[in-house]
Amino acid sequence: MVKTTKLIHHHYVPPEGFVAPQFPTYQASTVIFANVRSMRSTEWKNKTGYTYGLHGTPTTFTLEERLACIEGALFCQLVPSGLAAIALVNLSLLKTGDEVLIPSNVYGPNMALVQGELAHYGITHQVYDPMSLDDLASKISKRTRLVWIEAPGSVTMEFPDLISIAKLCSDKGVISALDNTWGAGLAFNAFQLEKGASEASSSAGVDLTIQALTKYASGGGDVLMGCVCTRKHELDLKIKLTHMRLGLGVGADDAQTVLRSLPTMELRYKAQDATARILAKALVNNPFIAQVLHPAVEGSPGHDHWLALTSNYPISSPGLAASIFSVIFKSELSQAQVDRFCDSLKYFKIGYSWGGPMSLVVPYDLSSIRPIPSKHTPLASGHLVRFCIGLEDSGDLLADIHQGLALAFN
Ligand SMILES: *Cc1c(COP(=O)(O)O)cnc(C)c1O
């Protein structure tokens with residue numbers, strides 16, 4: 001045997017029994033079968049075997065099981081980003097002639113997908129007011145197949161009556177899908193929303209969740225990944241088959257990075273939550289600010305819904321919230337002043353995403369992100385700025401905001 005062949009087919013096998021705290025990274029496109037019979041009979045869909053890297057490795061199966069545990073689900077499927085998770089749900093469940101309902105404060109790229117590719121495939125959509133159960137109920141028809149929910153909505157942070165929305169969908173026989181990036185499986189259990197509800201009670205939760213693991217699960221601002229979770233076997237099978245047909249595998253090193261971050265997720269979430277609340281509450285009566293949008297801050301749209309949902313969540317500490325909030329600067333201030341405020345911050349960097357160690361700030365154009373305002377929870381008019389709170393010291397962050405305010409508005 002020449003050396004090249006020898007290197008590829010080397011006889012050495014390390015001893016078994018290696019144990020270390022961190023689960024190993026299994027790298028594979030090709031998976032080797034013991035023989036042809038094993039190749040023909042191995043099944044990946046129920047995670048009893050391995051057939052090809054795209055269909056799962058010990059590393060991705062392990063991450064999926066741990067995420068299902070955090071989320072209160074039975075099944076989990078990894079995908080390359082949070083947006084890919086949204087797309088996978090849409091493409092798995094919708095066909096020509098179906099209608100999908102999305103809240104007016106939906107994550108922007110989901111709206112773009114619904115208006116773009118889904119519309120091209122003959123799938124229609126309607127936008128509902130997440131703060132009005134009647135509005136949602138009036139839009140559910142025979143053609144409605146899927147209802148998207150966010151708790152709270154992106155950027156404007158209105159917290160809907162999630163329990164009633166999930167019940168309504170269940171009563172009407174339409175599939176409910178929650179973008180649970182904000183709750184992260186820590187603030188509430190999306191599959192068991194009511195206190196004391198039995199595991200089997202289908203009216204007590206949503207049918208599917210997605211998460212952008214890019215945010216808290218990764219925790220580093222350095223990995224893109226998403227997942228789709230459910231408790232229903234038939235939905236999981238649909239998701240898995242579409243996942244296979246679209247080829248939405250994730251990189252082994254990325255899966256490993258998320259596995260490594262998961263044990264600290266709850267501690268990070270709580271620490272970042274505490275800092276975010278200190279900052280949000282400190283800005284409530286600020287003379288330049290018309291409104292603070294943070295579900296845990298009294299007076300924020302849907303605060304009571306957040307309180308009712310999270311305060312008795314038995315698994316985790318009561319009343320958790322993600323470390324992200326927005327403020328609306330008064331309309332008499334100019335956009336140039338608000339931009340100057342963002343530019344003058346030292347610790348808040350300008351950039352998208354959240355859940356990482358570094359605090360971030362982004363100004364948004366309220367009229368373009370919320371073209372259909374809610375009648376039920378009107379927002380103040382003005383200039384919206386979103387803060388994502390990292391792991392820095394709250395005193396340093398607050399001092400930074402105050403120096404920015406003084407510089408931009410005085
Ligand atoms: C970031 C985000 C996503 C998308 O996640 P990516 O991994 O960036 O694609 C989806 N939903 C919400 C609510 C998000 O904040």
Side-chain angles (χ1 to χ4, degrees), residues 63 67 71 76-91 100 102-114 116-117 130 146-160 162 165 176-188 190 206 208-229 243 246 248-251 254-255 257-258 261-262 265 268-269 272-273 276 293-295 302 306 321-326 350-356 358-362 364 369-370 384 386-390:
L63 178 53
L67 290 166
E71 193 72 334
C76 174
Q77 178 68 60
L78 289 174
V79 287
S81 68
L83 183 54
I86 292 170
L88 177 59
V89 170
N90 282 326
L91 295 174
V100 54
I102 54 173
S104 58
N105 54 9
V106 73
Y107 176 66
N110 193 3
M111 176 81 89
L113 178 65
V114 161
E117 279 71 11
L146 175 65
V147 173
W148 278 103
I149 313 164
E150 279 185 43
S154 284
V155 185
T156 45
M157 312 300 293
E158 301 95 334
F159 207 100
L162 182 54
I165 292 177
S176 53
L178 172 73
D179 182 334
N180 200 23
T181 304
W182 186 93
L186 298 172
F188 53 88
V206 299
L208 289 158
T209 64
I210 74 99
Q211 265 199 48
L213 305 172
T214 307
K215 311 292 165 54
Y216 286 105
S218 134
D222 55 353
V223 176
L224 289 157
M225 201 175 293
C227 67
V228 180
C229 286
H243 181 274
L246 294 175
L248 297 173
V250 303
D254 288 346
T257 305
V258 177
S261 296
L262 278 191
M265 181 163 83
R268 289 184 278 108
Y269 191 96
Q272 288 170 266
D273 176 12
L293 303 167
H294 184 313
W306 168 81
S323 63
I324 182 167
F325 67 96
S326 298
I350 298 166
Y352 294 109
S353 199
W354 45 295
M358 191 180 278
S359 292
L360 299 169
V361 63
V362 177
Y364 284 88
I369 58 165
R370 203 62 73 245
L384 189 143
R386 185 180 78 171
F387 297 99
C388 307
I389 308 307

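Numbering of ligands and ligand atoms starts at 1, following listing order. Only this structure's heavy atoms are used, side chains among them; waters, hydrogens and symmetry mates stay out. Since the model is a prediction, treat every value here as computed from it, not as a measurement.
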Residues in ring-ring contact (aromatic ring centres under 6.0 Å, His included) with W354, at least two apart? Y216
Backbone of V228 reached by a side-chain donor or acceptor of E71 within 3.5 Å: no
Under the salt bridge (Lys or Arg N to Asp or Glu O under 4.0 Å) test, which residues partner D254, sequence neighbours left out? none
Under the side-chain contact (heavy atoms from CB on, under 4.5 Å) test, residues paired with A84 that sit two or more places apart: V79, P80, S81
Main-chain N/O of Y107 paired to E150 side chain as donor or acceptor, under 3.5 Å: yes
Is there any protein N/O under 3.5 Å from an N/O of ligand 1, and what does the full list of such pairs look like?
{"from": "ligand 1", "atom 1": "7 (O)", "to": "G82", "atom 2": "N", "distance (Å)": "2.8"}
{"from": "ligand 1", "atom 1": "7 (O)", "to": "T214", "atom 2": "OG1", "distance (Å)": "2.5"}
{"from": "ligand 1", "atom 1": "9 (O)", "to": "G82", "atom 2": "N", "distance (Å)": "3.2"}
{"from": "ligand 1", "atom 1": "9 (O)", "to": "L83", "atom 2": "N", "distance (Å)": "2.8"}
{"from": "ligand 1", "atom 1": "11 (N)", "to": "D179", "atom 2": "OD2", "distance (Å)": "2.6"}
{"from": "ligand 1", "atom 1": "15 (O)", "to": "K215", "atom 2": "NZ", "distance (Å)": "2.7"}
{"from": "ligand 1", "atom 1": "15 (O)", "to": "W354", "atom 2": "NE1", "distance (Å)": "3.0"}

Is the backbone N or O of I324 less than 3.5 Å from a side-chain atom of R386, with the two atoms forming a donor-acceptor pair by type? no
